[in-house]
Amino acid sequence: AKAAGGRAFRFYAPAMNERQQDLLALESDLHWALERNEFVIYYQPQADMLSGKVVGMEALLRWQHPERGLIQPDDFIPLLEETGLIVKVGLWVLKQACLDAMAQQAQTQLPLRISVNLSARQFSAGDLAAQVAEVLAEIGFAPNQLELEITEQMLINDLETSAGTLEALQRLGVRVSIDDFGTGYCSLAYLKRFPLHALKIDRTFVSELPANLSDSAIVEATILLAHKLGLEVVAEGVEQAEQLHFLRQLGCNMVQGYYLSKPRPAAELAGMVALDLAD
Ligand code: C2E
Ligand code: CA
Ligand code: CA
Ligand code: CA
């Protein structure tokens with residue numbers, strides 16, 4: 001169920017008021033969601049192109065609303081950001097994701113890498129690396145098994161602060177990837193300045209592969225550039241075998257998308273860890 005309810009009516013003035021009231025109600029519920037334990041994390045596997053094996057999981061936040069059901073991030077993360085609640089909730093996601101990975105590892109005895117999305121507020125907070133270090137130490141999670149996803153926009157908002165934060169994260173030993181690569185402000189020149197580990201090619205460039213020639217060219221050039229700069233490449237939103245084959249030919253390192261699995265609750269981690277691209 002869509003959180004805002006009457007989306008289809010948004011062009012009509014009376015319904016728009018209704019929609020605004022609805023958003024206000026949602027926002028007031030949001031203030032209680034954390035202490036009421038209504039947030040849940042879904043996980044989506046990322047597989048290595050060469051081995052076909054799952055190498056990591058992206059943590060994706062959901063809100064289990066008592067009346068409205070499961071709400072998707074696009075319908076409440078903007079509200080979390082506006083209200084500033086995202087800082088607290090983001091820290092909860094980081095902790096919970098590490099805890100879930102630890103529990104999964106205890107079963108398989110194999111390390112599991114977790115990717116956590118950061119919001120701009122968390123990234124520019126100044127004490128991010130210290131907070132991350134504290135969580136890792138508290139839980140006993142290995143820094144090199146944590147990846148933080150940031151966007152191009154966050155990087156270039158404040159180049160000096162970004163450089164400092166990324167260097168602190170590098171000293172800590174966590175990985176940093178650029179999410180939705182290609183959709184933001186193009187910051188190619190800055191890529192070499194920062195200690196980064198991976199680029200995630202946005203789904204919009206992947207969905208029409210290989211038929212769309214400009215998307216093909218963009219993806220090919222991005223992979224080439226990333227590799228020259230020593231970065232790994234993850235393709236997002238891979239849904240079809242043809243997309244997978246095309247990306248494999250180009251040397252893309254990892255894939256994530258419905259082709260392998262949709263995001264699923266933590267209880268299903270064991271099944272997702274065992275997935276293989278070849279099956
Ligand atoms: P994102 O980081 O770009 O995450 C990828 C989105 O693409 C997810 O949407 C995922 O479910 C969807 N997706 C993955 N594979 C496919 C596919 O093959 N086809 C299609 N059509 N979609 C696919 P989701 O879970 O709705 O998350 C939306 C956005 O919300 C995320 O985009 C991210 O920007 C944000 N988000 C999610 N969790 C968090 C969080 O804990 N913190 C912050 N700050 N943002 C989050
Ligand atoms: Ca992401
Ligand atoms: Ca993305
Ligand atoms: Ca996105």
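Both backbone and side-chain heavy atoms feed into the values below; hydrogens, waters and symmetry mates do not. Note that ligands are numbered from 1 as they come in the structure, with each ligand's atoms numbered from 1 the same way. Bear in mind that the values here come from a model prediction, so they are computed numbers and not experimental data.
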Please state the angle at the Ca ion (ligand 3) spanned by OD1 of Asp180 and OE1 of Glu236: what is it, rounded to 10 degrees?
100°

Closest to the Ca ion (ligand 2), among the N/O/S atoms of Glu58, is atom OE2

Leu61, portion touching ligand 1 at heavy-atom distance under 4.0 Å
both

Backbone or side-chain N/O/S of Ser115 under 3.0 Å of the Ca ion (ligand 2)
no

Within 3.0 Å of the Ca ion (ligand 3), is there any N, O or S atom belonging to Glu149?
no

Would you say Glu81 has any N or O atom under 3.5 Å from an N or O of ligand 1, going by distance alone?
no

To which of Tyr258, Phe123, Tyr42 does the heavy atom nearest atom 18 (O) of ligand 1 belong?
Tyr258

Please work out which of the three classes, parallel, tilted or perpendicular, describes the rings of Trp63 and Phe76, given edges at 30° and 60°.
perpendicular

Quick check on contacts: which atoms of ligand 1 are under 4.0 angstrom from a heavy atom of Gly257?
15 (N), 18 (O)

Using a 4.0 Å heavy-atom cut-off, say whether Leu118 meets ligand 1 through its side chain, its backbone, both or neither.
backbone

Please work out whether any backbone atom (N, CA, C, O) or any side-chain heavy atom from C-beta onward of Asp180 is under 4.0 Å from ligand 1, and answer side chain, backbone, both or neither.
side chain

Can a non-hydrogen atom of Pro263 be found less than 4.0 Å from any atom of ligand 1?
yes

Can you find an N/O atom of Gln256 closer than 3.5 Å to an N/O atom of ligand 1?
no

Under 3.5 Å between any N/O of Gln122 and any N/O of ligand 1: does that happen in this structure?
no

Ligand 1-proximal atoms of Ser119, by part, heavy-atom distance under 4.0 Å
both

A student comparing Gln243, Glu239, Arg62 should find that the heavy atom closest to atom 25 (O) of ligand 1 comes from Arg62

